[in-house]
Amino acid sequence: MDGRFSGSRRLWLVRRLLLGAAVVLLVSVLVFAATQVLPGDPARAVLGHDATPESVAALRAELGLDRPLISQYLAWLGHIVTGDLGQSLVTREPVAALIGDRTINSAVLVVISAAIVVPLSVFVGALAGRRRDRKFDKAMLVVTLGLTALPEAIIALLLVILFSTSVLRLLPGTVLLGPGQNPLGQPAQLVLPVAALVLGVLPYLSRLVRGSVIDVYESEYVRIARLKGVPERVVLRRHVLSNALVPAIQGTALALAYLTGGVVVVEQVFNYPGLGTTLVDAVNNRDFPVIQMVCLVFAACYVIFNLLGDVLTVYVTPRLRTAGQ
Amino acid sequence: MTAVTVKGLRVDLDGRGVDVVDLVDFEIAAGEVLGLVGESGSGKTTAGVTLLGDARRGATIAGGSIVLGGQEVVGLGQGQLAKLRGSSVAYVPQDPAMALNPALRLRRQLDELFEFHRPDMPEPDRDARIKATMREVGLDDSDAFLARFPHQLSGGQQQRVTLALAFLLRPRVIVLDEPTTGLDVTTQARVLATVRDLCASHQVAALYVTHDMAVVAGLAHRVMVMYAGRIVEAGPSSRIFGEPVHPYTRALIAAVPQVSERRELTAIPGDTPMPGRRPGGCAFHPRCKHADPACATTVPEPVEVVPGHIVRCLHATRFAAEPAQPAPALTAGRTGERGEVLLEVTGVDAFHGRKQVLHDVSLTLAKGECLALVGESGSGKTTLARCVIGLHRNHTGTMTFQGAPLATRARDRSRESRRAIQYIFQSPYNSLNPRRSIGETLREPLKVLFGMSAAKAAAEVAEVLERVSLSPAAAASYPDQLSGGERQRVAIARALVCRPEVLICDEITSALDVSVQASIVRLLRRLQDEEGLALLFVTHNLGLVRAVADHVVAMRAGRIVEGGPVDDVLDRPGDQFTRDLIAATPELSAVPTGDPSRLPLSLEDPT
Amino acid sequence: MRIGLVLTGLILLIIAIGPLLAPHSHSAIVGAPYQPPSSLAMLGTDYLGEDVLSRVLEGGRSIVWVSFVGTLLGVGVGSAIGMTAAYSGGVVDEVLMRAMDVLRAFPPMVLILLLVSMAQAELALMPLIVAIAWVPQVARVAYGAAKEVVAREFVESAETLGASRLRIVRREVLPNVMTPLMVEFGLRLTWSIGIVTTMSFLGVGLQPPAADWGLMIRENYQGLALQPWGVVVPALCVAAFTFGTNLMAEGFARTVARVSPAAETPKEVTV
Amino acid sequence: ACGSGGGAQPAATGAGAAGKPTRGGRLTVATGGAKGSDTLDPVLLNSAPVSFMARVLYDQLADFSNDLQYRLAMAELIEPNKAGDEWTIRVKDGIEFHNGKTLDAEDVIFTFKRTFTQAGSVTLGKFKPYVDLDEIKKVDKRTIRMKLLRPNSTFNYALASPHKIVPVDFDPRNPVGTGPFKYKSFTANRQWVCERFANYWNADGESEPSDSAAPAGLGAKPYLDELVVNVINDDSARTNALVTGQVDAINMVQFAQIPLIGQHQQLKLLESETGAWTGIYMNMEEPPFDDVRVRQALRLAIDREQALSSCVSGHGRVAYDLPEPYAPGYPTELTRKRDIEKAKALLKEAGKENITVELVAGPVSAEAVSMATVLANNAAEIGITIKVRQVDTATLFGPQFHSWPFSVDKWPAQGNYLTLLALTDLSESTTLTHMPKADLDALRDLHDKALSTVDEAKRAELTRQMYQIQFDRGGWIIPFFANVVNAHHAKVAGWPKQDASGRSFGNAHFEQLYLNG
Ligand SMILES: Nc1ncnc2c1ncn2[C@@H]1O[C@H](COP(=O)(O)OP(=O)(O)OP(=O)(O)O)[C@@H](O)[C@H]1O
Ligand SMILES: Nc1ncnc2c1ncn2[C@@H]1O[C@H](COP(=O)(O)OP(=O)(O)OP(=O)(O)O)[C@@H](O)[C@H]1O
Ligand SMILES: [Mg+2]
Ligand SMILES: [Mg+2]
């Protein structure tokens, strides 16, 4: 009855996995459809203003853009299934090579940010929830409200002005990463992008934690624990946090999914070579295979984070974990 | 030996200078069970938790003293209170499902008490004590059981775990706050027996808080009656139930339905006032039929009518001298020919998912008759009722109304049958749309069924409100402005406005105080007499069955085990199951002592 | 909450009467680029030499319009979908909510990027784009809230009367999810302002010569060192507006709805 | 690709005075204007960075100097016959490719063939009307003779505008040229790395004039060991990278950021006038631009000084709708004064008062959109409402590119008006302005005449006549020629003074740069 999942759980997991795969597949159809509606075409984007009708037609034929849509999609899907992510229409490089290290770069950014923001939010949120309506809580509410009032792009700009160019000249305000270079090799460059992402997610997550800590504090079993004579600090640690964790896990999953989207803006500001900048470029160039792949990666992250969140939730919630036994 | 002494206790709402309870004095001897009864909102819980030095968020202990084993509790710091709680004084909450931490295993939750109160106790001793206590409360003491999480227990088992938590360190005093409200009668009987046993064997003083008079009657040595934050009467159980003096106590007792005899239930008019809105003088005077002008102005002092029996009433001595409570009028059951059969249910099998919850159920309901459907919790009563009204779709079998078959879904039924059969839900809090005024709620059926214009409907609404004894002005109010009893009347009005022939009532009084329940029951009976309504009355309260029903059908695990005229079934139960049910139901009129031999069932938990 | 009202009121005032007060046309070139404040241009000039003050006074309209209409539309459609799914249950529920899942798998910024590239930045279309980004998220919240309501007995009571589905959703469910939806609206409005600003900032929002606070930040960021007002003032306006609506949403949630709006409510894990 | 990126170490360390000129070292620069579609294939060059990078990796037969003077480069001879329809080209002896092969006639022929066969070749346009692939004959090892389809006495100019010579069997994935640096790694839109080519043919050649020319004794060019070009498209981020010392030099400095860079003592600006231009074009097939009076009215309405000041903060020179200021025959006397009254009168005459037109603008250059805004502002004064619709480049260059009624485009300086005209107004397939037949025929006639004369003065006169037609009836509005501004750390020296082509980084003469170590 412990750690291991029951049979019905395993079934649930399989169902969720299939569902997730279906979501990703549908996303690919949607993105494909969307790319067809995009005005302009990659051949033109590649050739620029020197393009002649013949050269455009030749390039279109070469890129396979003149085939019927369905066959283009199915061909693409067929290749994906066999592990061939296709070729960038623009650089003619394999998509896998193109987005491979950028995916890692983005992942580094997201993982570091998450590794900072999750414990920080839990700490801040729990403290505020415990000192509800007292000074710390009020200060935290004002700060988080202020942070949500600033769009991420502006936060990022402010950070650059404050720490890089104008006020203090402590940190690089631009990220320069050669291809294949490990972003961890230059930690100083990562500080500001990570800070921007952390500040973007912190208000949401810490308030979520605060809310659920308060909910649990209000719960009957915490009252009962107190009436059992359990000291206050143990109440927080043992009775509150263990139960307040569940919404925090769900929130973290959402926040992670959000972070993967948030990198679009932050990467843009910091010139960070990740999926976000790749996507913006690909959209500008109408580089469909790349757009599709990046969107798929985002969608897959969303699905995976959610699934992980759910699995973890099930794992830490005895009621769910032991269901069906 | 006195375990706890309370004097002049007062609890105020923060910042409002309004008291929730005041002038509370009592003491409990070791091994004694003191009952604390009163209507909802009278301040029982508030008074109870003060023994642990606790007041709920938004309230504080404003005065008085609580001496527990020689130590003053009022004014202790958090640390000292923490030492006291759990070891010297323990608390058993109302809802065990909410009170146990869902993330911790039972052993952990039990062991925690040693961790903070007996840190030196060696592990094997702890284990032995935990297991002994588990056995004492009638639970499995195996390690596997202790490794369970709360959600893996039944409601009764959960309640027993909270008892084990309370008794584990053998406290001096234990406060039990309605610990059996959520349980069915058989489980309740077992839990009560456990409480009584443990208190006696460990010489624990218990304060037993409840609104169920019958429960206290069978359990407590002494009883206090609370009204509007004051103790209005206190004395030995036998005195309180045998010779009650305060008009409030008398009225409460008269409202309790009995299984053993059919009697007229009398209701107390009005509602318990909330803190801050309590009338001056004797707080009960607006609802008291003996009140005179003095009652409105003079605050009554406690009067000891006989030694140990204290009454807070201006006329205490006069009432004490009068012959005790005039015996409640016994009423005769309605007999005679059954009328035309309106509703017929034949061979219904119903399912929740793949699980079959009704097996071949058949019954008939005749015009003007009240058919009670009884059975323990989970036996399928609600499911059956929902099949009939067309809310539960997953079933087979036939149902006819006036001979015409009823479609499975309400939506597919004829307008005529949707009008003629009406349903009243259990919870008056849930069955009214909180965002719509009473008037709107009552106009809705008129609009949907008759397409009636708002103007015309207004007259109907006013009329129906009067029929359920509510003022027509209530049409403008919203549900949260009404008391539970008033809401349930609105729910009845919503059914009545359709001019139905059959009313299905699913435990419509179980969320209400006995006095309010009495008034609802009276209302239903009146409607039945005046309008010839047929009632399908779902309940697990056998006293109510006796009071309202003509026929009764008993269900067990989805099957009908017995049926017939009420008096036949209740006086001469044919099925063992019905007999057990009757035996487990606490009765007021039974000899009120703490005599364990009177307990209906043995301690063993059959699960 | 009071501060929120004041801030929001102030911004709305600027939007309402600002253009009347503007000393210049928002697209008139009144001097050299990036001139410091002078009597001619009280907040200086922008990257083209247009008057910053006039553009600030003019530039709130689009942002407020787009975020307000977009949010209204998104919350409206999203909650309609969520409630319908919650009430109908069964296949409708599955299909609608899985469709929402698919849309939710796009981060809003990515969705917007794709949509804007598809539709180009037409002012009339931008609320629609913001709305589409919100629909799946709101649907989820409305679904959760409505799911609790549809299980309540007054809904069943309406069913026993045979009321139509639409009537039940409209009269029984909607009023009871109104409060969370209002909270949702407030929060989404706040975020919409952020998104609209970010869109403009990334250059996928409104286009010059339109005056728009987000666009102004983008346009004048280059000259921050020369003429900070061109960035600072619109950024402050955006921040004040966001802060104001956020405080109001928060206040509303705390006092009226008595909930702590934890942004997107995490969903229940279903077995 | 190569693993060691350029950003691995902070580029410029320490502030203050530079040290002694030294050989070797690595130069890290950042460029803007890059695209995902960037490639090192010299026939596909279509962004600013690749066009200057091509100058680093490859070389040409002839070239323009930084003040746009034509000169021979790898060719020792480029000569037409009398009729201008047969050209003899001989390459210098002993020029070595990066792979060790020696440049010869075969490579020149191969390059022409490749230009004609490679899909998407952008240099094809200027050769297509003239070059007959079957008529390129190898005369000897280093000499070829080309019989043109028709006379073109300025064919040598076409060779001097981008036409990179690649070796036989050139493979763009491993690009080999004769430039001063050789390829090491390349990731589109991200980073280029190249290293010193020891056998650079022009190692002792003359350098472009510089204020900090390399001292004698620094040895053979190029002086640097390695060149790393990072892409930072965002203008502010690029400046930040220079300010925080992540890179040593940047190009495309926005005029608004000049003061910011000026605050830093160790940073230097490098500004040059150019002949590059961004123009707004009117499609003469579409109303209202089919009426010459509307075109002239707009040209009279635009406030060129204001445009120069607003769009580039005055960093540039006013232009009067005629491109190629360095071209032989450029008519400096053809200027216009802003004249609202005359413009209104023209509109009235044309019956086109109070009209509304849509101007499709895209980010072809930093100033394109603001130029459109300024024009819209100015046009309002003569009663023309211009709605500026901004689109991204993919849309701008989309299928409608050649049929937008009113849009923008940008050109680098070609050094010769005849070359430019062939690529723009005269080209049937790529014209944007769609001149009416009469003017087109007149222009073609003049163009043909100019190309068939080898008399430079006569050609200049014909060119002047073509400019006149453009001035009177053309479809371009060119308000100014913008300067290019680069900025660099003081420790990097040897930058050319001028860069009239506007390709940035001193027309990519990295071979003459050195570090003050
Ligand atoms: N902390 C508090 N803040 C506000 N009101 C309170 C507080 N504590 C008690 N009350 C009010 O005081 C009254 C008495 O409450 P209490 O819970 O003690 O009654 P009770 O007799 O236990 O009722 P029930 O039978 O419903 O449990 C109620 O009206 C309640 O609303
Ligand atoms: N929604 C449901 N899903 C699955 N099982 C259910 C559901 N509702 C009820 N059941 C099961 O069906 C059986 C009958 O339930 P029902 O509610 O009809 O009993 P009841 O007699 O009304 O009980 P109570 O007295 O507690 O109201 C029980 O075993 C219960 O566990
Ligand atoms: Mg209570
Ligand atoms: Mg039931």
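What you are looking at is a predicted structure, and each value in this text was computed from that prediction instead of being measured.
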*To the nearest 0.5 Å, how far apart are OG in Ser313(D) and OH in Tyr47(C)?*
12.0 Å
*How many angstroms lie between CG in Leu48(C) and CE in Met371(D), if you round to the nearest 0.5 Å?*
12.0 Å
*asked:* Is it the case that over 12 heavy atoms from other parts of the model lie below 6.0 angstrom from the CD atom of Gln263(D)?
replied: yes
*To the nearest 0.5 Å, tell me how far Tyr221(C) OH sits from Gln254(D) CD.*
13.0 Å
*Say you draw a straight line from CD of Glu219(C) to OG of Ser370(D); how long is it, rounded to the nearest 0.5 Å?*
9.5 Å
